[in-house]
*Asks:* 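Sharing a structure below in structure tokens format, with a few things to ask.
Atoms within a ligand are numbered from 1 in the order they appear, just like the ligands themselves. In what follows, residues are counted from 1 in the order of the sequence shown. If you're wondering where the values come from, they're calculated on a predicted model, not measured in any experiment. We use all heavy atoms of the structure for the numbers below, so side chains are in, but hydrogens, waters and symmetry mates are not.
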Amino acid sequence: MNRLYHESEDWVRHGACRRYDPELFFPVSSVGPGGSDAELAKAICRSCPVRQECLTWALRAGEADGVWGGTTPEERRYLRRELAPAV
Ligand code: SF4
């Protein structure tokens, strides 16, 4: 998993990313040169058995960096706006 402080979450132990370099999941950018790392990380997430748990956690935690649950930070910002209750 990407960061140690998430080890308390049970689903973390089943993440497909545990077998890869964590830096792959924290590209400098999701476009340009970092875009290929982000796309590779997202491809790994697509086969991950705990993708939904991971994405839910990242949205709730407001995780601002890295690929989580198959989403980039920009995609999570979009999802948070879409899921926010209308006021
Ligand atoms: S969804 Fe992606 S970042 Fe989350 S645990 Fe799975 S492989 Fe890791």
*Asks:* Would you mind listing which atoms of ligand 1 come within a distance below 4.0 Å of any non-hydrogen atom of Gly15?
*Replies:* 5 (S)

*Asks:* Do any of the N/O/S atoms of Cys48, backbone or side chain, fall under 2.8 Å from atom 6 (Fe) of ligand 1?
*Replies:* yes

*Asks:* Check the surroundings of atom CD in Glu23: do more than 12 heavy atoms from other residues, nucleotides or ligands lie under 6.0 Å from it?
*Replies:* no

*Asks:* Using a strict 4.0 Å cut-off to heavy atoms of Arg51, name the atoms of ligand 1 that fall inside it.
*Replies:* 1 (S)

*Asks:* Please work out which of the three classes, parallel, tilted or perpendicular, describes the rings of Trp68 and Phe26, given edges at 30° and 60°.
*Replies:* perpendicular

*Asks:* Residues sharing Leu83's hydrophobic cluster, by side-chain heavy-atom contacts under 4.5 Å among ILVMFWY, directly or via others?
*Replies:* Leu55, Leu59, Leu79

*Asks:* Taking both backbone and side-chain atoms into account, decide whether Cys54 has an N/O/S atom under 2.8 Å from atom 8 (Fe) of ligand 1.
*Replies:* no

*Asks:* Phe25 vs Ile44, test: side-chain contact (heavy atoms from CB on, under 4.5 Å). Steps then yes/no.
*Replies:* CA-CA 10 Å; Phe25 290 80; Ile44 294 166; 4.0 Å; yes

*Asks:* Classify the contact between Val67 and ligand 1 as side chain, backbone, both or neither, using a heavy-atom distance cut-off of under 4.0 Å.
*Replies:* backbone

*Asks:* Tell me, please, which residues at least two apart from Arg46 pass side-chain contact (heavy atoms from CB on, under 4.5 Å).
*Replies:* Lys42, Ala43, Arg51

